[in-house]
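To keep things clear, I will list the structure first and then write my remarks on it.
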Amino acid sequence: MRKGFLATAICMWMLLLLPLQVHATTVYENENGYQAIIVDEDKVLSELQTSKLTDKMKPITEYGNVAVIIKTDYEYSAYTYPQEYIIEQWGNESAIALAIDWKEKEFGYDSEGALRRYISDDKANTWRYEEEKYLDTDDYYICLAGMLEKIYGALEEKQNTGSLSDIGLMVVSLIIAMLVMYFVVNRSMKKHVIVETDWLEGVTAEQDILDFHEHLLHETKKLVPGSSKYQESVDDFFKGDNYN
Amino acid sequence: MYQCPNCNGNLKFNIKRQRMLCEHCNSTFNPNQFGDGEGAKQSEIEVTVFTCPQCAGELFTTDNEMAGFCTFCGSTTVMESRIANEKRPDYIIPFQQTKDDCKEAYLKLMKNAFFVPKALKSPEYIEGFRGIYMPYWIYDVKQEGELNLSGKCTTVDEDYLTISHYKFDGKLSSKYEGIAYDGSSALSDTLSRKLMPYKMNSVREFSPAYLSGFYAEAADLEADVYEEDVKALTDKRTGEYVKNYYGFDSYTIDTKDDAIVEQLGTTIAKKSQAMLPIWFVSYRNKDWVAYATVNGQTGKVVADLPVDLKKYLLCVILLAVPIYTVLSLIESVHTITPVFLIQIILVLSAMVALLYDAKVKQIVKREKLADDKGAIVAKQRQENTKVKKRKKKKSRLKRRKTWAIETIITGIILAGCFLYILAPVIEEEVLPLLEELPYQQMWEVLVLFAGALTVIVSLVSLIRSIGLKLWRFLPTPFFGLFAALVAIGMIVLQPVLNVSYYIGALLLGCVLIYTMIDLIKRYNIFATRRLPQFERRGGDGNA
Ligand SMILES: [Zn+2]
Ligand SMILES: [Zn+2]
C-alpha cells in the first residue's frame with residue numbers, strides 16, 4: 001500500500017519535472033528523500049558518463065542532496081549558481097551543488113546544512129582548484145568525478161572519525177570540568193582552613209619606659225629657599241668679593 | 001589509679017565540675033590533693049607508657065585501666081604498655097571542653113566542608129576523639145634594658161629650617177608571661193600554632209590526678225630549643241613598642257632597629273613545662289594521615305582537610321555534561337577540526353602542567369624546610385649519634401641548594417634550544433604575521449607557546465621530583481612531557497590522516513585527566529601529613 005503510494009508520488013514528481021527533462025535531467029532519490037540531480041543542458045556528457053556520475057552521487061545522498069549542473073547560459077556565473085540552485089531546490093536542507101560553465105571554463109561549488117559542516121569550505125575550495133584545470137581540456141567528466149570522489153572520501157573519513165571527534169569533545173569537556181572543579185575545591189577548602197593566629201595572642205604582656213628623658217644635643221639651622229632672608233643672603237653673595 | 005577516700009571507688013577527672021569525681025558515690029575532690037604515685041621521685045611521676053608498634057609514637061597516662069590505639073598514625077593495633085617514670089610537668093590547663101563540645105565544634109566545621117571524605121564525618125570516626133595533654137614549654141620573658149636612643153625634630157619658621165638633635169634615655173620595663181611552644185616532636189609546629197591561643201591565666205599546679213581518663217604525650221624537646229625564637233619574638237614586639245612610644249610622637253628616631261633590639265636586655269625569666277589539653281583523632285589513608293584537633297580549652301578546631309577523590313570526580317562528571325552539550329552545540333555550527341582539537345588540548349595542558357608544578361613545588365618546599373622545629377631538632381639529635389649519616393645529610397643539603405640554580409640554568413638552556421629550533425618558524429611565519437595579526441595565526445602562536453610551556457613546566461616538575469628523590473612523583477610529569485611533545489609534533493609535522501590527530505589529541509587528553517587525578521592525590525598529600533615515624537626516645541641515653 002505505502003509502496004504504491006510512494007511510487008505514485010515519484011511518478012507525479014517525475015511528471016512535474018518533465019519540462020526539465022527536456023534539458024536532460026537525471027534524478028535519483030534515496031529512501032530518506034535526499035536527491036541526486038544531474039542537469040546537462042547541452043548534452044556534453046555521454047550517457048555512460050552520466051550513469052557513472054549518478055553512481056558516484058548515490059552514496060553521497062546518505063548525507064544530503066547533491067546536484068551537478070552543466071550549462072553555459074548562467075545568469076551571473078557558474079561560481080555563484082550552486083548557491084542559488086541549492087536555495088531554490090532544497091532551501092537550507094543538507095546539500096552540495098557543483099556547476100560547470102563549459103564555455104567559460106568555470107567550476108563552482110557550494111554546500112549547505114550538514115554537508116557544509118562535514119566538508120569545510122577551505123577543503124572544498126582547494127579541491128575545486130585542483131579539478132578546475134580539467135575543464136581546459138574539456139574533460140568535464142574527469143573534473144566532476146574527481147570532485148565527487150573527494151567529497152565522498154572526506155564524508156567516509158568523517159563517518160569513521162565521527163566517534164573519535166565526539167570522544168575528543170568529551171575529553172575536552174572533562175578536562176575543563178576538572179580544572180574548574182579544582183579551583184572550586186581549592187576555594188571551598190580554603191574557607192575552612194584556620195590561619196595561624198598571632199603567637200603572642202593570649203600572652204600577658206606589659207610594657208613601659210620608666211624615667212623617660214629627652215636631652216637636646218644641638219641644633220642646625222638652614223635658610224629656607226625662597227624666604228626673604230634667603231634672598232638677602234643671595235644678594236649679599238653677589239655683592240661681595242666673591243663676585244670677582 | 002586514684003581511689004575515692006570515702007568508698008574506694010574509681011576517681012576520674014570530670015570536665016564539667018573541674019574536679020575529681022567518684023563514679024560510685026558522686027563525691028568530688030580537688031585533683032591537687034592527690035600526691036604522686038608511690039616510689040616515684042619528686043621530679044618524676046610514675047605512669048603507664050603506651051608505645052605504638054607501627055610508628056613508635058608514645059603516650060602515657062596515670063590511669064592504668066586505659067588501653068590504647070595509636071593516635072598519631074591511626075593504626076588499629078593495640079599499643080604496647082609498660083610502667084615508667086616521666087618528668088613531672090610544672091603546670092596543667094585541665095580540659096574545659098567536654099568530648100561532646102569537641103564533637104559538636106568539629107561537626108560544625110565539617111558540615112560545610114563538602115569535598116571532605118564522608119569517613120571524616122562519620123559518627124564512628126568522631127567517637128575516636130581522645131583527650132591528650134600535650135607538653136608545652138612556657139616561657140616568661142623580662143626586658144629591663146637601659147634605653148639610649150637618638151632622634152631629631154624638624155621645625156620650620158618663616159626663614160629657617162631648624163633640625164634639633166635629641167638624646168633620649170629611659171629604663172625599659174617589659175615582661176611577657178606564658179609564651180607557649182610545643183615541646184613534642186609528634187605535634188607539628190603549624191598545627192600547634194593554629195591551635196593557639198590558650199588562656200595561660202587559667203593554669204594550675206600539675207597533679208598526676210588530672211591525667212586520669214586522659215592521655216599525655218611526653219616532652220622530647222629541651223626547653224632551650226625555642227629560646228632564640230622566644231627572644232626574637234619578644235624583641236620584635238617590644239622593639240615596635242619602643243618605636244611607637246608616645247614620648248617619641250614628635251620625633252624621628254635615628255637609632256636603627258637592630259640597635260634598639262640590642263638595648264632591650266631580653267632575658268628568659270622562667271621556663272616551665274605545662275600540659276595543655278587537645279582533643280585529637282586521626283584518619284589513616286594509604287599514603288597519608290589526617291589529623292583533627294580541638295583546643296581542649298577554647299574549642300577551636302584545626303583539622304586537615306583532604307579531598308574525597310570520588311566526590312571530586314562525581315562533580316567533574318556533573319559539570320562536564322553541560323560543558324559537553326555546549327561544545328556539541330558549537331560543533332554543530334563550526335566544525336571542530338581534529339587539528340583544532342589537539343590545539344585546544346595543548347592549551348589546556350599548559351594550565352594543567354602549571355597547576356601540577358605549583359603543587360609539587362609546595363610539597364618540595366615542605367619537605368625541604370620541614371616546617372617543624374621539633375622534628376628538625378629530633379633529626380639533628382639522631383644525626384649527632386651517627387656522625388657518618390650526618391655528613392651524608394650535609395652534602396645532600398648542599399646539593400639541594402644547587403638544585404635551584406640547576407633548575408634555572410636548565411630552564412634557560414631549554415628555552416634557548418626551543419628558540420633556536422623555532423627560529424626559522426619565527427622568522428618566516430611569526431615575524432611577517434606581526435604586521436597583520438590575523439586571529440588564526442595568533443591562535444597558532446598561542447598554541448605553540450602553550451606547548452613549549454607544557455614541555456618546560458613538565459621538565460621542571462620532573463627535576464624537582466628527582467631533586468627530592470620523590471620517585472612516586474615522576475610518572476605524571478613524564479607522561480605530560482611525552483604527550484605534549486607528540487601533540488607539538490603533530491601540529492608541526494601535519495600528518496595526512498585525520499585519525500592520527502585524533503589519536504594524538506586523545507593521548508594528550510588522557511594524560512591530562514590522569515594528571516588532574518594525580519593532582520588531587522598530591523593535594524591530599526599536601527593537605528595532610530606523612531605517616532609518622534618517631535625515633536624511640538627515653539631510656540636510650542638521650543637525657
Ligand atoms: Zn566514692
Ligand atoms: Zn602509631
Side-chain angles (χ1 to χ4, degrees), chain A residues 114 117-118 120 157-158 160-161 164-182 184-186 188-189 191-224 227-230, chain B residues 109 113-115 147 156 158-179 193-194 196-200 233 237-238 241 245 247 302 305 307 312 315-316 319-320 323-324 327-328 331 335 341 344-345 348 351 355 498-499 502 505-506 509 512-513 516:
Chain A
R117 270 185 281 118
Y118 295 157
S120 70
E157 200 196 341
K158 175 81 199 169
N160 292 338
T161 56
L164 276 180
S165 139
D166 279 345
I167 293 171
L169 271 193
M170 277 177 210
V171 168
V172 169
S173 317
L174 265 180
I175 296 167
I176 294 174
M178 283 180 131
L179 282 168
V180 172
M181 278 325 288
Y182 183 72
V184 171
V185 165
N186 254 319
S188 104
M189 286 303 195
K191 257 195 288 180
H192 304 287
V193 170
I194 286 176
V195 255
E196 284 172 22
T197 46
D198 179 3
W199 204 304
L200 289 176
E201 206 183 304
V203 170
T204 335
E206 279 168 28
Q207 273 107 9
D208 199 4
I209 299 180
L210 309 170
D211 304 326
F212 180 72
H213 293 294
E214 50 187 72
H215 313 277
L216 181 62
L217 296 177
H218 61 274
E219 280 184 343
T220 49
K221 284 193 178 213
K222 268 191 219 160
L223 275 168
V224 178
S227 67
S228 53
K229 282 244 173 81
Y230 181 82
Chain B
L109 174 84
F114 176 76
F115 288 102
L147 295 178
V156 186
E158 213 177 297
D159 296 310
Y160 286 102
L161 181 88
T162 313
I163 302 171
S164 319
H165 295 266
Y166 284 90
K167 189 169 87 76
F168 308 96
D169 55 44
K171 193 173 183 315
L172 177 70
S173 161
S174 158
K175 62 176 180 181
Y176 296 86
E177 276 169 12
I179 302 174
R193 213 186 286 193
K194 283 176 183 173
M196 292 285 182
Y198 282 92
K199 289 175 210 127
M200 284 302 166
L233 193 69
R237 179 61 61 93
T238 311
Y241 168 80
Y245 183 63
V302 178
L305 299 171
V307 173
Y312 170 77
C315 290
V316 162
L319 182 65
I323 294 177
Y324 176 71
L327 286 181
S328 308
E331 213 254 346
T335 314
L341 191 69
I344 294 174
I345 295 183
L348 288 175
M351 294 170 73
L355 282 180
N498 275 351
V499 185
Y502 281 119
L506 289 181
L512 290 193
I513 290 173
M516 285 305 292

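The heavy-atom pair separating B:Leu327 from A:Val172 by the smallest distance is CD1-CG1, 3.9 Å. The heavy-atom pair separating B:Met516 from B:Tyr312 by the smallest distance is CE-OH, 3.6 Å.
When the ring pair (Phe, Tyr, Trp, His ring centres under 6.0 Å) test is applied to B:Tyr245, the partners found at least two apart in sequence or on another chain are A:Phe212, B:Phe248.
Both the backbone and the side chain of B:Tyr324 come within less than 4.5 Å of a heavy atom in chain A. Contacts between B:Ala113 and chain A at a heavy-atom distance below 4.5 Å involve backbone atoms as well as side-chain atoms. Contacts of B:Ile344 with chain A are made by side-chain atoms alone, with heavy-atom separations under 4.5 Å and no backbone atom involved. For a residue to count as touching a neighbouring chain, one of its non-hydrogen atoms must lie under 4.5 Å from one of that chain's; by this rule A:Ser188 touches chain B with the side chain only. In this structure, chain A has a heavy atom under 4.5 Å from the side chain of B:Leu506, while its backbone stays farther away. Only the side chain of B:Tyr241 comes within contact range of chain A, judged by heavy atoms closer than 4.5 Å.
Highest contact tally toward chain A, considering only B:Thr162, B:Val316, B:Leu305, B:Asp169, is held by B:Asp169 [criterion: heavy-atom pairs under 4.5 Å]. Chosen from A:Val171, A:Thr204, A:Asp211, the residue pairing most often with chain B at heavy-atom distances under 4.5 Å is A:Thr204. Among A:Met181, A:Gln207, A:Glu219, the residue making the largest number of heavy-atom pairs under 4.5 Å with chain B is A:Gln207. Taking chain A as the reference chain and counting heavy-atom pairs below 4.5 Å, the highest number among B:Val307, B:Val156, B:Thr238 is found for B:Val307. Chain B forms the most heavy-atom pairs under 4.5 Å with one residue out of A:Leu174, A:Leu169, A:Asp166, and that residue is A:Leu169. Residue with the most contacts toward chain B among A:Asn186, A:Leu223, A:Ile167: A:Leu223 (heavy-atom pairs, distance under 4.5 Å). By number of non-hydrogen pairs under 4.5 angstrom with chain A, the leading residue of B:Ile345, B:Leu147, B:Leu512, B:Ile323 is B:Ile323. The choice from B:Met196, B:Lys175, B:Arg237, B:Lys199 that makes the most heavy-atom pairs within less than 4.5 Å of chain A is B:Lys175. Counting heavy-atom pairs closer than 4.5 Å to chain A, the top residue among B:Gly178, B:Ala505, B:Ala320 is B:Ala320.
For the atom pair A:Leu216 CG and B:Ser164 OG, the distance stands at 6.0 Å (nearest 0.5 Å). A distance of 12.5 Å separates CE of A:Met178 from OG of A:Ser173, quoted to the nearest 0.5 Å. A distance of 4.5 Å separates NE2 of B:His165 from OG1 of A:Thr220, quoted to the nearest 0.5 Å.
Crowding of A:Met189 atom CE: a count of heavy atoms from other residues, nucleotides or ligands under 6.0 Å exceeding 12. Enclosure of atom NZ in A:Lys222 is not indicated, since only 12 or fewer non-hydrogen atoms of other residues, nucleotides or ligands lie within 6.0 angstrom.
In this structure, A:His215 and A:His213 have tilted ring planes: the angle between them lies in the 30° to 60° band.
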